[in-house]
Amino acid sequence: MENARSTMPKSAILRIPGWRLIRSDQGRFWAFREKAFPPGALRAGAEPGVDADTFDDLKAEVDQQEEIAGRVTS
């Protein structure tokens with residue numbers, strides 16, 4: 001049965017470059033960065049693992065972490 005909170009069917013191929021995605025059997029989305037953030041990015045608050053109820057929300061969380069990292073590494 002499809003989780004009503006998800007925006008994508010379970011059969012869809014979902015990708016966020018540089019991040020490993022997991023979808024739980026309850027329909028929750030998780031992403032883990034494949035390459036470690038630099039120490040400065042971690043100190044600035046970038047999280048290498050995030051979760052969300054929908055893929056769109058997960059993508060927004062990932063984008064936020066990359067933005068945090070980009071501010072201190074650029």
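If you're wondering where the values come from, they're calculated on a predicted model, not measured in any experiment.
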Would you say Arg71 has more than 12 foreign heavy atoms packed within less than 6.0 Å of its CZ? yes

Exam field: side chain Arg15 to backbone Pro17, donor-acceptor pair closer than 3.5 Å: no

Are [X] and [Y] packed together at the side-chain level, in the sense that at least one heavy-atom pair is separated by less than 4.5 angstrom?
X     : Y     : result
Leu42 : Pro48 : yes
Leu14 : Phe29 : yes
Phe37 : Thr73 : no
Phe55 : Leu21 : yes

Over all atoms of both residues, closest heavy-atom pair of [X] and [Y]:
X     : Y     : answer
Leu58 : Ala52 : N-CB, 3.4 Å
Ser24 : Trp30 : CB-NE1, 4.4 Å
Ile68 : Ala41 : CG2-O, 4.3 Å

All pairs passing side-chain hydrogen bond (donor to acceptor under 3.5 Å, both in side chains) where residues 36-51 contributes a residue, at least two apart: Arg28-Asp51

Do Trp19 and Glu66 have side-chain atoms, one donor and one acceptor, less than 3.5 Å apart? yes

How long is the span from the CZ atom in Arg33 to the CD1 atom in Ile16, to the nearest 0.5 Å? 12.0 Å

